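To keep things clear, I will list the structure first and then write my remarks on it.
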Number of protein chains: 2
Amino acid sequence: MELTPVMEKFIVRWGEMGGTWGINRASAQIVALLYLSEKPITAEEISETLSIARSTVSTDLRELQNWGVVKVVHVLGDRRDHFETLVDPAEFFRVIVRERKRREIDPLVQALREGVVEAGGREAFVRDRMRDMLEFFEILTGVYDRTEDIPTSLLLKMAKQMGQLPLKTALKIAQLGDGLGESLKRLVK
Amino acid sequence: MELTPVMEKFIVRWGEMGGTWGINRASAQIVALLYLSEKPITAEEISETLSIARSTVSTDLRELQNWGVVKVVHVLGDRRDHFETLVDPAEFFRVIVRERKRREIDPLVQALREGVVEAGGREAFVRDRMRDMLEFFEILTGVYDRTEDIPTSLLLKMAKQMGQLPLKTALKIAQLGDGLGESLKRLVK
DNA sequence: CGGTAATTTCGGTATAGACCGAAAAGAGAG
DNA sequence: CTCTCTTTTCGGTCTATACCGAAATTACCG
């Protein structure tokens, strides 16, 4: 597969970002390539196009499949596996967030819960600090959980609408404070 | 400074997480220690307590100050700098998000804009894919921008309220779709 | 202006983890 | 069953970067 300069630039940059997102560079590049590809491609082809060792491609594809961002596709009359990635960026993003929450946030919350108990009354200050931290994460995951059951397309529309609100309006909504919950419920009645 | 087992556990875990969040372990541990400390402490003390080289502490404190999560405090009659961190987890979190957006998302968006132009009509498929990606990030940053001007305390209250909504209600709100914007505007009138 | 306490700079080392390539394992086809 | 194509496993390097310690710099005191 031949890469145009535009494609190459995108893939390189995407790869760089991968590192900071808990995905290694090679994996990120693979996803980028699949994302730009019109049809599913083989591991061999990925390896050649990106100059990544065949074995690395194999390992990383496996990892990406575990994450649920890459799928195998079979082509009639071809023994080789062909791969494709999610085409909807939002879908892709959700997977990343979901996984990172599961791997990083959830264990932390668990640890904080235990810590608060262990600190007990004996270390009141430490306990309170940990409790604050815990409370914050619980609020955060609370909001996240609300989004879990909403289809991506709807979520996107929501985000779009919210992003287009005048700043003033956004602020006013925030100022509803504790009344916000009730207001929203009334809104959909 | 003496660490209790509870404190140590928290600091270690926090340090581990730091790596995956674009903050190195030492820096993350330093923040954790400061977070658990009742009063500002010196670099020397941090170095001893965490067994991190004095120079590393210095470098990392500088970095953390740049990020805006650590501040210097001066104690009367003491030439040494004392350090403290933000006490509000939400505040802390906002700083992290703001910085990462600036360092990672913004440049990517910029690159995508350029890429879309360069791809032009000649590489329609690639251009469309990049355009999709760009559009997604623009929606995302749009929502984020709306939150930037809202004080943390309000934002937290908002989050809390949203997290406590029944799933059904959350879904209904999402289903307002394109009407959501107008509904929200009416809500605050 | 010394002198000392405190901080920062900087070159070198250690370490984690990504990546490679050879070899093993697996999967059809004849 | 064996031969070939494909994928996976695994031990060894290679690389980025975190971290260290000595030396330089800065800040402040008497």
Side-chain angles (χ1 to χ4, degrees), chain A residues 11-34 40-67 70-84 100 103-104, chain B residues 1 11-34 40-67 70-84 103-104:
Chain A
I11 291 169
V12 167
R13 193 164 262 277
W14 196 254
E16 286 165 356
M17 236 186 57
T20 70
W21 282 72
I23 299 171
N24 62 45
R25 188 166 59 238
S27 295
Q29 287 179 351
I30 292 171
V31 171
L33 177 61
L34 292 177
I41 51 185
T42 64
E44 186 68 25
E45 217 171 339
I46 296 172
S47 171
E48 284 165 7
T49 311
L50 300 179
S51 304
I52 295 173
R54 180 64 186 74
S55 58
T56 304
V57 172
S58 177
T59 309
D60 289 350
L61 279 173
R62 160 72 62 103
E63 178 80 1
L64 290 168
Q65 282 175 278
N66 288 341
W67 278 62
V70 164
K71 283 205 199 98
V72 187
V73 172
H74 289 283
V75 174
L76 207 68
D78 194 336
R79 275 162 67 181
R80 297 168 301 175
D81 289 346
H82 292 237
F83 300 90
E84 64 180 13
R100 294 203 65 168
R103 300 186 190 191
E104 294 162 28
Chain B
M1 187 170 178
I11 291 169
V12 167
R13 191 165 264 276
W14 197 253
E16 285 165 357
M17 235 185 57
T20 69
W21 281 73
I23 300 172
N24 62 44
R25 188 165 61 240
S27 295
Q29 287 179 351
I30 291 171
V31 171
L33 177 61
L34 292 176
I41 53 185
T42 64
E44 186 69 24
E45 217 171 341
I46 295 172
S47 170
E48 285 166 6
T49 310
L50 299 179
S51 305
I52 294 173
R54 179 65 185 76
S55 58
T56 304
V57 172
S58 177
T59 309
D60 289 350
L61 278 173
R62 159 74 62 104
E63 178 79 0
L64 290 168
Q65 283 175 276
N66 287 343
W67 278 62
V70 164
K71 282 205 200 97
V72 187
V73 172
H74 290 283
V75 173
L76 207 69
D78 193 336
R79 276 164 65 182
R80 298 169 301 177
D81 289 346
H82 292 237
F83 300 89
E84 65 180 12
R103 299 184 192 194
E104 294 162 28

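Fair warning: this is a prediction, and the values are worked out from it, not measured in the lab. Numbered from 1 within each chain, the chains take letters A, B, ... in sequence-line order.
Of the side-chain N and O atoms in B:Arg79, none sit less than 4.0 angstrom from OP1 or OP2 of D:dC28. Between A:Ser58 and D:dT7 there is no side-chain N or O to OP1 or OP2 distance below 4.0 Å. Phosphate contact (OP1/OP2 of C:dG21, side-chain N/O of A:Arg54, threshold under 4.0 Å): absent. For the OP1/OP2 pair of D:dG21 and a distance below 4.0 Å, the side-chain nitrogens and oxygens of B:Ser55 include no atom meeting the criterion. Within the 4.0 Å cut-off from OP1 or OP2 of C:dC19, at least one side-chain nitrogen or oxygen of A:Asn24 is found.
Residue-level contact check: A:Ser51 touches the backbone only, with heavy atoms under 4.0 Å from sugar-phosphate atoms and none from bases. Contacts of A:Ser47 with the nucleic acid, taken as non-hydrogen atoms under 4.0 Å apart, are absent. In this structure, A:Thr59 reaches the bases: a heavy-atom distance under 4.0 Å links it to at least one base atom across the strands shown.
Rounding to whole angstrom units, CG of residue B:Asp60 and P of D:dC19 are separated by 6 Å. Atoms CD1 (B:Ile46) and P (C:dT8) sit 12 Å apart, rounded to a whole Å. Note: CD1 (A:Ile52) to P (D:dT15) measures 16 Å, nearest angstrom. Distance CD (A:Glu16) to C1' (C:dA18): 16 Å, rounded to an integer number of Å. To the nearest angstrom, P of D:dC5 lies 16 Å from NE2 of A:His82. Going from atom CZ of B:Arg80 over to atom C1' of C:dA6 covers 9 Å, rounded to whole Å. Atom pair A:Asp78:CG and C:dA29:P shows a separation of 11 Å (rounding to whole Å applied). When the P atom of D:dT7 is taken as reference, atom CG of A:Leu64 falls 15 Å away, rounded to whole Å.
Judged by distance alone, with hydrogens and angles left aside, the side-chain atoms of A:Thr42 form no donor-acceptor pair with the main-chain N or O of A:His82 at under 3.5 Å.
A heavy-atom distance below 4.5 Å is found between the side chains of A:Asp81 and A:His74. Counting heavy atoms from C-beta outward, A:Val72 and A:Phe83 have side chains that approach closer than 4.5 Å. Considering only heavy atoms from C-beta on, A:Ile30 stays 4.5 Å or farther from A:Val70 through its side chain.
Comparing D:dC20, C:dC20, D:dT8 against the side chain of B:Ala53 picks out D:dC20 as the nearest. Checking C:dA18, D:dT7, C:dT7 against the side-chain heavy atoms of A:Ala43 singles out D:dT7 as nearest.
Of the listed residues (B:Asn66, B:Thr59, B:Leu64), just one forms a side-chain contact (heavy atoms from CB on, under 4.5 Å) with B:Arg62, and that residue is B:Asn66.
Of the two residues contacting DNA chain D, namely A:Gln65 and A:Arg25, the nearest-nucleotide position lying further toward the 5' end is that of A:Gln65.
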